[in-house]
Number of protein chains: 2
Amino acid sequence: MGVNSLQPNKQDTLSEHVFEQIKEDIITGAIPQGRKIVETDLAKSYHISRGPLREALQKLESIHLVDRRPHSGSRVITLDSTMMRDVYQMREAMEGFATRLACVAMSQADIDNLYRLLEKHENSIKRSEGQRYFQKEGDLDFHYYVFSKCQNQWLIDYLNNKLYQVLRMCRHRTSQLPFRVEPALYDHYAIVDAINNRDPELAEILMRRHISGAWKVVEKLLNQEENKESI
Amino acid sequence: MGVNSLQPNKQDTLSEHVFEQIKEDIITGAIPQGRKIVETDLAKSYHISRGPLREALQKLESIHLVDRRPHSGSRVITLDSTMMRDVYQMREAMEGFATRLACVAMSQADIDNLYRLLEKHENSIKRSEGQRYFQKEGDLDFHYYVFSKCQNQWLIDYLNNKLYQVLRMCRHRTSQLPFRVEPALYDHYAIVDAINNRDPELAEILMRRHISGAWKVVEKLLNQEENKESI
DNA sequence: ATTATAAATATTGTTAACAATATGGGTGTT
DNA sequence: AACACCCATATTGTTAACAATATTTATAAT
C-alpha cells in the first residue's frame, strides 16, 4: 500500500501539469506564503504562456492555496492560526462523518487491511524513533484509507483534493515542531475497533476527538512559537 | 432581511458575469441537465470570446455544476439520486457542525432575529397556503442566517457557494413535488430553542435530523416518481 | 450488413497581441 | 512636510488566430 494511494492525476494538459507543479511548490514552501504572484513572471518560469497559467491559478484558488482579486492579482495564502483552525474544524466535521459512513460501508477485508496497516505503523515506531516524516506519511495513509471507503464522491473529493492539500501545507509549516506519534496510534486502534464493531456513532465521535485533539496540540505549539518570537 | 442575504458578487469581470448567468441558467433548467457544452457556441450565445468562457466553465466545474474532461469537453451534470444523496449528506455533516459553532458564537441579538424570522414564516404559512415557492425561500433564509454565524470562513464559503447552489438545482428538479412546510417550521423552532439555551450538542443533532429528514422525504418522492415512470 | 481503416470535420488546448485597469512616482499646491 | 492630482509603467482581462486532439463521416474489406 503505497503512500498517497489515491489518483496522482494524469496531467494530460499543460494547465494541469503546471497546476500540480505550482501546488507542490506552494505546499513545500518553494514559493513562500504571502508571495505576490505575477502571471507574466510565473508563466516564464514554468515555460508556458499566460492562458494555461491562469487556469492553473484558478484551480489553485479553488483549493484555497492562492487568493485572487479581479484586476489586482494573486498571492499565495498565509497560514495564520485562524485559517488553520478553520481547516481543522472542517476536517473534524467532514472526516468524522466520512468515518461514520465508512463504518457501514466497509467490507471485513477492508477492516483487516486497516489492522494490518496499523501493525505496520506500530512496528515502524518501535524500530526507529527518528524518522518522524515517514510516520506522518503513515498517518496520512490511515486517514486516506478510512475516508476513501465512505462511498460519497463529493466527500472524498473535497477531503482528498482540498482539505488534505492545505493540511500538508500546515504540516510543512509545523514540521520542525516536536510531535509524539504514539497517542495517535492508540486513537487509530480505537477507531478501527469501533468500525470493526460496526458502531458508526462511536467511530464518528472517536475520529472527531482524534482530529480536534490534534488541533489542540498544534494550536498550543503555535502559541509557544508566537510567544518566543515576541520575546 | 431580503432573500439570499449573502453577497451577490460584484461581477466586475466578464468571466464572473457570465459565470453567474450560466449558473442561473443551469440551476433553473434553462440549460438542461446532461447537455453537452460546446465552448464556441456558448461563447457566441453569451457574446464573449472563449477565454473568459473557459474560466467561467472552470468555475462551474469547481462548484460541481458541470463535468469537464480534458480534450473531450464539458456537459451539465445530471442530478441522479446518488448525487442528491451525496449533497444532502455533505449538508448534514457541514451544516450540523456550522450550527454547533454558531450556537456558541451568536449574540443574543442574532438569536432574537432568528425568532422574529420564524414568526414571519409562521404568519406567512397561516395567511396563504398557496405560495410554496416563497416559503421555500424562507427556509433558505433561515439556514443561511444560522450557518453564516459560524465564524468559519471556509465552512460558510462551501455551504453558500457550492452546496446551496446544487441544492437550489435539486429543488428546481423537485419543485412540482408536494412538500409540507409546517414540520420544517417546528424543526426550526426546536433548533433556535437549542441555540437560545446555548446547547451546541443538541443544536447540531437537531439540525442534522432536520436535514436527514428532509432527504428521506425527497428520496421517497423520487422513488415514487421513478415507479410512475416505469409503469 | 458489419467491422475496420482513413480522411474530413469539429472541438478543445495554447499562444501572442491588444485593451482595460490598477499601481507607483513625481510634480505642484497648501 | 503632507496631500492631491496626473502621468508613466506594470499587470491583469480579453480577443482572435493557430496547434493538437477528439469525433464523425466516408470508404473499403470481410
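Within every chain, numbering begins at 1; the chains are lettered A, B, ... in the order of the sequence lines, protein sequences first and strands thereafter. No hydrogens, no waters, no symmetry mates; every other heavy atom, side chains included, goes into these values.
The two residues B/C103 and B/I195 make their nearest non-hydrogen contact at SG-CA, 3.7 Å.
Listed by first and then second residue, the ring-ring contact (aromatic ring centres under 6.0 Å, His included) pairs involving residues 84-113 of chain B are B/Y88-B/W215 (not counting sequence neighbours). Listed by first then second residue, pairs satisfying salt bridge (charged side-chain N to carboxylate O under 4.0 Å, His left out) with a partner in residues 23-33 of chain A read A/E20-A/K23, A/E24-A/R168, not counting sequence neighbours. Note on residues 93-102 of chain A: pairs passing salt bridge (charged side-chain N to carboxylate O under 4.0 Å, His left out), not counting sequence neighbours, are A/R91-A/E95, A/R100-A/E201, A/R100-A/E204.
A heavy atom closer than 4.0 Å to some atom of DNA chain D occurs in A/V38, A/E39, A/T40, A/R50, A/R54, these being the qualifying members of residues 38-64 of chain A.
In this view, B/K149 and B/D110 satisfy the salt bridge (Lys or Arg N to Asp or Glu O under 4.0 Å) rule, not counting sequence neighbours. For A/Y164, the ring-ring contact (aromatic ring centres under 6.0 Å, His included) criterion is met by A/Y144, A/F147, not counting sequence neighbours. Applying the ring-ring contact (aromatic ring centres under 6.0 Å, His included) rule to A/H17 yields no partners; only residues at least two apart in sequence or on another chain are considered. With sequence neighbours excluded, the residues satisfying side chain to side chain contact (heavy atoms under 4.5 Å, CB included) with B/R50 are B/E39, B/T40, B/A43, B/R54.
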Could you list the protein-to-nucleotides 5-8 of chain D atom pairs, N/O on both sides, closer than 3.5 Å?
none

Considering only distance and modelled atom types, tabulate donor-acceptor pairs under 3.5 Å from the side chains of residues 56-67 of chain A, sequence neighbours left out.
| unit_1 | atom_1 | unit_2 | atom_2 | d |
| --- | --- | --- | --- | --- |
| A/Q58 | NE2 | B/E55 | O | 3.0 |
| A/S62 | OG | A/K59 | O | 2.8 |

Can you list, pair by pair, the side-chain donor-acceptor contacts under 3.5 Å of residues 78-87 of chain A, counting residues two or more places apart and other chains?
| unit_1 | atom_1 | unit_2 | atom_2 | d |
| --- | --- | --- | --- | --- |
| A/D80 | OD1 | A/M83 | N | 3.0 |
| A/R85 | NH2 | B/Q151 | O | 3.1 |
| A/D86 | OD2 | B/Q153 | N | 3.3 |

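A nucleotide of DNA chain C counts as in contact with chain A when one of its atoms lies under 4.0 Å from a heavy atom; the first and last such, 5' to 3', are C/dG13 to C/dT23.
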